[in-house]
Amino acid sequence: MEYRPAELDAKWQARWKAEQPFAAAFPSEKPKFYVLDMFPYPSGAGLHVGHPLGYIASDILARYMRHRGYNVLHPMGYDAFGLPAEQYAIQTGQHPAITTETNIQRYREQLDRIGFSFDWSREVRTCQADYYGWTQWIFVQLFHSWFNVSTQKAEGIERLVAHLAKNGTKDLHAAHHGEPSCTAQEWANMDSKQREELLQHYRMAFRSDSVVNWCPALGTVLANDEVVDGRSERGGHPVVQKPMLQWSLRISAYAQKLLDGLDTLDWSDSIKETQRNWIGRSQGARVRFALPSLSESALEVFTTRPDTLFGVTFMVVAPEHPLLDVLTSQAQRNEVMAYREQASRRSERERQADTKTIGGAFTGAFATHPFTGAPIPLWTSDYVLMGYGTGAIMAVPAHDSRDHAFALHFGLPIVEVVAGGDVQVASHDAKEGTLIHSDFLNGLEVSDAIEQAIQSLASRNLGERRIQYRLRDAVFGRQRYWGEPIPIVYREGVPETLPLDQLPLVLPTVDAYLPTEDGEPPLARAQGWQSAEGLPLETTTMPGWAGSSWYFLRYMDPQNPARFADREKMDYWGQVDVYVGGSEHGTGHLLYARFWSHFLHDIGCIPMAEPFKKLINQGMIQGVSAFVHRLEGTQTFVSADAVNGRKTQKIHVDVSLVLGDDTLNTQEFKDWMPAFSDALFEPKEGPILLEREVEKMSKSKHNVINPDAICAEHGADALRLYEMFLGPLEQAKPWDTKGLSGVTGFLRKVTRLLSKRADAPADKGELKTLHKLIEKVEKDMSTLSFNTTVSAMMIAVNEWSSLSQLSTQTLKDFAVLLSPLAPHLAEEMWETLGEMHGISQAPFPVLKAEYLVEDNQQYPVQFNGKTRFFVHVPQGTPPAEVESLIRSHEKTEGYVEGKIIRKIIVVPGRIVNVVIG
RNA sequence: GCCCAGGUGGCGGAAUUGGUAGACGCGCACGACUCAAACUCGUGUUCCCCUGGAGUGCGGGUUCGAUUCCCGCCCUGGGCACCA
């Protein structure tokens, strides 16, 4: 048999398409295994070799688990709503659905070419109404829920309403924003509009006037993670801060549960840490400082260091703080207002870029220290943020570096309260030490002092223990067309959800994909954009992450018209066992999907709170860019070794124009772009040496390698093996097409093994090789270390290649071992060896330890830790015997050289070390 | 600035409850086949001042023995960033 990958790929891909051997069964007696890839956004550029890396790994695992007897769910779909298709629609007028469909076709062709074992009968697309109707359904559930802090669960809003009717907001422990409050009497007297206004402060999906990232060029609001350096992530347009009435989801209610849930997950430490940082839990206290000038009010602050209360020498409120206006004294008014004006003009970007400049103003007001009663001067400065804590802080310059810098700048006193360090020079931020100058806290360690301070505050009603989170509620409305319509209607301006029987609320046709003249979102252009009742519909759409927050559930029951997924099916499939995707989704998608799962679990819709048990973040495959030097201001291109210090520009050259020895194909370069058609070269007759550099793989860097091209030339199995062989899955690594010859050589060798087939029983060495390999493959599959699996297979094949014959059984067993990685060749071998049915469900060969036992044991013999020679002894020789063998060994004397043997260490089965000196 | 991950030949990388550093592959060199080239096969390939010595980012330490453990630094990648 000769190795002809193109024929094998076509033959077996057609067979799989016809026979559907990868369809997941339900119901099934088998144990389940759910392997999921992060589904792609189908971009117009198609896939490059970096994209399938994770898909190949998950496919190997899926195929392996089928051999191990599992019922495997391994689906694929498309995250199909998104900005690029909409941008294209704005430019060309082509409906985004058409663009998206075209791109999906292209993706599908590319994916099919690689031979994945996806169950395509379960494909989902987030942009299809039979899918997004359920996204809308979940939104409706969010709208009708609130978060009960006492039970730590989301509950139906009617329970909250009942509480309000009975007690008002008294004794209500509910996640909320703002300062909602009413009595039962007041609630009773409210009309429906007033009630809804109050309820909005509690709903899991709610509208609030929040400051958003408004991008005028795109006519839309962007999420924080879509804004990079004050510009839109896509397109790089300027972004400004603007208050706007926005739909949001109350993810902040789940901060603690999202934090606690991490402990149950098998994710990398780095991604868990990223999520912990994002949630940003701080433990401390709320402290109220009385404001004598406003007899009823107090200034509330949050601090993680209530132990340092006696070191407070001033306080700072954010320039946007609501009390700033009333607090400021007449004498200071001009200065404070000038500072506030100046601070408001600084954009978020400037404030971030410049954290060194210290600015602020004294308000002329004083607060009263809760313990000493001393007057504390009140300042304002933009280093205090309105969006975190209470927007006000107690400043302890001795033990906080920012407060310290502020105190130095404005000449404010610095009082040391935790011993150690010279606090006049630099703040002493350490969280351990002994309290001094602190009245009843003197002599206590920091941690004890924190406890004492909190208890004392609480007993005098001056404050209480408090946990603060950085995590903000997620803005959910987008001023865009190509997204899920939000199923809300307005009755006299009061939002209510569309009746469930009117879902899906289908995206309407519009005459243009732009905002209206008066700045309304594109949906406002739709004719008759109103409910059956004639009520106006919401015009914003959901963000990109809505559809991706629950798609893993729909795969379990993709066509169900009655519910998003059948409960029995969800009970069977349960958590995603292994989820593979890029770490760039660490704080976005992975946090939102966890939030939705926790919520759906709380309201009894799904069996598990955490959706993804084990997470693997595949690393990037980088491109190796090529650059040619061009003499500045000329069209002369110089070989990299002939620049000689002259001024040149480095220009990206498409990697297809690079010849084997890193020189430029000058003729094709001239044809590549019109601008280079009259290029001159130095030296004239070449070669023109290029510079190479590892960068991110992208079209603009002209270093993209297309998987189709690799498959066409070397076959899908070679691509699959090589991507895995490149290195550990999680690690970033550069692509080097030259290395492919290693794995194609391996596949050819495998094919040649078939000619050694003999019907004689397997020989001992042959079996030892086989079982060593089984052991290694099993071990690697549990850690997804497929790079070493490929090496191990190469070693086994090299060993077998030196034998004169191989048993049919060994060849069959090897075909199954190979099948997850190189399924096309494995199927062909399987068939050649006489099997009638496909290999995909063939049982995995059973490891037999007896074949691994060695007769002899080799000991490396070290002298003072340096290996000098080896001795061979029968397996299980007692250490004492090994030692005496070494003592009398002919080579020993030469290394001892007149010194004394102090000790001989024999590690059984491992090593011998002779200590001399 | 803080947090996380990592640093091993010319290159991708292998080996960590401490036990032969450099598996496997690329590249390179030489040889066989060939009129020749490609393919294929075989041999060699960490470095050096080569009977020996050095060596896993750098400097220390623990140990009979350290890529692996400890302390201090440097560098690269990623995340967060006036978060009280």
Side-chain angles (χ1 to χ4, degrees), chain A residues 268-278 280-282 284 287 301-305 308 315-316 318 351-352 354-358 381-385 387-396 399-403 405-406 468-472 583-584 586-587 617 619-620 622 624 660 694 721-722 725-728 730-746 748-749 752 785 787-798 801 858-870 894 902-917:
Chain A
S268 73
D269 288 337
S270 65
I271 208 106
K272 283 191 191 181
E273 200 56 32
T274 304
Q275 292 217 342
R276 287 194 189 103
N277 289 341
W278 196 261
R281 184 184 201 262
S282 305
V287 187
V301 301
F302 172 72
T303 177
T304 55
R305 295 295 301 275
T308 62
M315 297 178 76
V316 187
R351 277 174 72 161
Q352 273 184 21
D354 171 28
T355 59
K356 297 280 179 287
T357 311
I358 297 164
S381 171
D382 67 2
Y383 84 90
V384 175
L385 306 174
Y388 182 77
T390 63
I393 62 155
M394 55 176 234
V396 185
H399 305 289
D400 179 285
S401 50
R402 292 152 316 185
D403 296 345
F406 194 84
Q468 194 76 39
Y469 302 92
R470 199 178 72 94
L471 184 68
R472 309 289 169 78
S583 57
E584 67 272 22
T587 51
N617 294 118
M620 231 189 325
Q622 296 150 312
V624 184
V694 173
L721 280 172
Y722 187 55
F725 188 58
L726 230 36
E730 288 96 333
Q731 204 171 296
K733 55 242 159 189
W735 177 269
D736 176 15
T737 302
K738 273 188 285 192
L740 261 165
S741 62
V743 295
T744 50
F746 163 74
R748 238 179 256 120
K749 280 189 203 174
R752 260 182 264 136
S785 310
N787 54 328
T788 53
T789 310
V790 179
S791 313
M793 291 197 174
M794 288 173 168
I795 293 167
V797 169
N798 288 343
S801 295
Q858 176 190 262
Y859 278 98
V861 181
Q862 299 186 329
F863 287 80
N864 284 350
K866 292 206 184 297
T867 307
R868 298 301 185 184
F869 61 87
F870 300 91
R902 303 220 176 260
K903 207 199 271 183
I904 295 183
I905 293 148
V906 179
V907 184
R910 286 282 190 179
I911 204 167
V912 178
N913 191 13
V914 183
V915 187
I916 53 176

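Only this structure's heavy atoms are used, side chains among them; waters, hydrogens and symmetry mates stay out.
With both ends at atom P, the span from B/rG22 to B/rC70 equals 25 Å, rounded to whole Å. Spacing between B/rA23 and B/rG13 at atom C1', rounded to whole Å, works out to 10 Å. B/rC69 and B/rG1: their C1' atoms are spaced 29 Å apart (whole Å). With P as the reference atom, B/rU17 and B/rC2 are 32 Å apart, rounded to whole Å. Rounded to whole Å, the separation between the P atoms of B/rG65 and B/rA14 comes to 28 Å. Comparing B/rU8 with B/rA66, their C1' atoms are spaced 14 Å from each other, to the whole Å. As rounded to the nearest Å, B/rG31 and B/rA37 have P atoms that lie 11 Å from one another.
Using a 4.0 Å heavy-atom cutoff across all strands shown, A/Q731 reaches sugar-phosphate atoms only and no base atom. Among the atoms of the strands shown, none is found under 4.0 Å from any heavy atom of A/Y859. Backbone-only contact: A/R752 has heavy atoms under 4.0 Å from sugar-phosphate atoms and none from a base. Residue contacts shown for A/K866 are limited to sugar-phosphate atoms, with no base heavy atom under 4.0 Å away. Contact annotation for A/R470: base contact, defined as any heavy-atom pair under 4.0 Å involving a base atom.
No side-chain donor-acceptor contact under 3.5 Å links A/S583 to the backbone of A/G586. For the pair A/Y859 (side chain) and A/R910 (backbone), a donor-acceptor distance under 3.5 Å is absent. A/N913 places no side-chain N or O within donor-acceptor distance of the main-chain N or O of A/I905, the cut-off being under 3.5 Å.
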Give every pair of a protein N or O atom and an N or O atom of nucleotides 23-33 of chain B that lie under 3.5 Å apart, one pair per line with the distance.
{"from": "B/rG25", "atom 1": "OP1", "to": "A/N798", "atom 2": "ND2", "distance (Å)": "3.2"}

Check the interface with nucleotides 60-65 of chain B: list each N/O to N/O pair with the protein under 3.5 Å, or write none.
{"from": "B/rC64", "atom 1": "O2'", "to": "A/N913", "atom 2": "ND2", "distance (Å)": "3.2"}
{"from": "B/rC64", "atom 1": "O2", "to": "A/N913", "atom 2": "ND2", "distance (Å)": "2.6"}

Shorter than 3.5 Å, N or O on both sides, protein versus nucleotides 36-39 of chain B: list them out with atom names.
none

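Listed pair A/R276 / B/rC4 fails the phosphate criterion, with no side-chain N or O lying under 4.0 Å from OP1 or OP2.
Among B/rA5, B/rC80, B/rU20, the nucleotide with an atom closest to any side-chain atom of A/D269 is B/rA5. Checked against B/rU20, B/rC80, B/rA84, the side chain of A/F870 finds its nearest nucleotide in B/rU20. Comparing B/rA84, B/rA21, B/rA14 against the side chain of A/T867 picks out B/rA21 as the nearest.
With sequence neighbours excluded, the residues forming a side chain to side chain donor-acceptor pair (under 3.5 Å) with A/E273 are A/R276, listed by chain and number. The side chain to side chain contact (heavy atoms under 4.5 Å, CB included) check on A/A392 picks up A/L299, A/V301, A/V317, A/H321, A/T390, with sequence neighbours excluded. The salt bridge (charged side-chain N to carboxylate O under 4.0 Å, His left out) test applied to A/R305 returns A/D307, not counting sequence neighbours. Under the side chain to side chain contact (heavy atoms under 4.5 Å, CB included) criterion, A/A792 pairs with A/L773, A/K776, sequence neighbours left out. For A/D400, the salt bridge (charged side-chain N to carboxylate O under 4.0 Å, His left out) partners are A/R402, not counting sequence neighbours. When the side chain to side chain contact (heavy atoms under 4.5 Å, CB included) test is applied to A/Q622, the partners found at least two apart in sequence or on another chain are A/V694, A/A732, A/P734.
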Counting only pairs under 3.5 Å, give me each side-chain donor-acceptor contact of residues 860-868 of chain A, with atom names and distances, residues two or more places apart or in other chains.
{"from": "A/Q862", "atom 1": "NE2", "to": "A/T867", "atom 2": "OG1", "distance (Å)": "3.4"}
{"from": "A/N864", "atom 1": "OD1", "to": "A/I916", "atom 2": "N", "distance (Å)": "3.0"}
{"from": "A/N864", "atom 1": "ND2", "to": "A/I916", "atom 2": "O", "distance (Å)": "3.3"}

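Rounded to whole angstrom, the span from the CZ atom of A/F863 across to the C1' atom of B/rG52 amounts to 17 Å. For the pair A/F746 CZ and B/rG12 P, the computed distance is 23 Å after rounding to whole Å. Between A/R910 atom CZ and B/rA15 atom C1' there is a gap of 11 Å when expressed in whole angstrom units. Distance CE (A/M620) to P (B/rG12): 16 Å, rounded to an integer number of Å. Between the P atom of B/rG13 and the CG atom of A/L721 lies a distance of 18 Å, rounded to the nearest Å. A straight line from CG of A/L385 to C1' of B/rA81 spans 11 Å, rounded to a whole angstrom.
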- Query: If pairs are Watson-Crick or G-U with both distances under 3.5 Å, what is the dot-bracket string of RNA chain B, marking crossing pairs with [ ] and pairs to another strand with |?
  - Reply: (((((((..(((......[....)))((((((.......))))))(((...)))..(((((..]....))))))))))))....
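Between A/S282 and A/Y388 the shortest heavy-atom distance is OG-OH, 3.1 Å.
Position along RNA chain B of the nearest nucleotide to A/L726 versus A/T304 favours A/L726 as the more 5'-ward residue. The nearest heavy atom of RNA chain B to A/R868 and to A/P860 marks one nucleotide each, and the one closer to the 5' end goes with A/P860.
Proximity of A/D403 to A/I393: side-chain heavy atoms (C-beta onward) are separated by under 4.5 Å at one or more points.
Note that the CG atom of A/N798 and the CE atom of A/M793 stand 13.5 Å from one another [nearest 0.5 Å]. Here the straight-line distance linking atom CG of A/L471 with atom CG of A/N277 works out to 12.0 Å at 0.5 Å rounding.
In textbook terms, a nucleotide whose glycosidic angle is within 90° of 0 is syn, while B/rG79, being further out, is anti.
In this pair, A/Y383 and A/F406 present their aromatic rings tilted. The plane angle is within the 30 to 60° band.
Identified under the side-chain hydrogen bond (donor to acceptor under 3.5 Å, both in side chains) test for residues 734-743 of chain A, with sequence neighbours left out: A/W735-A/T737.
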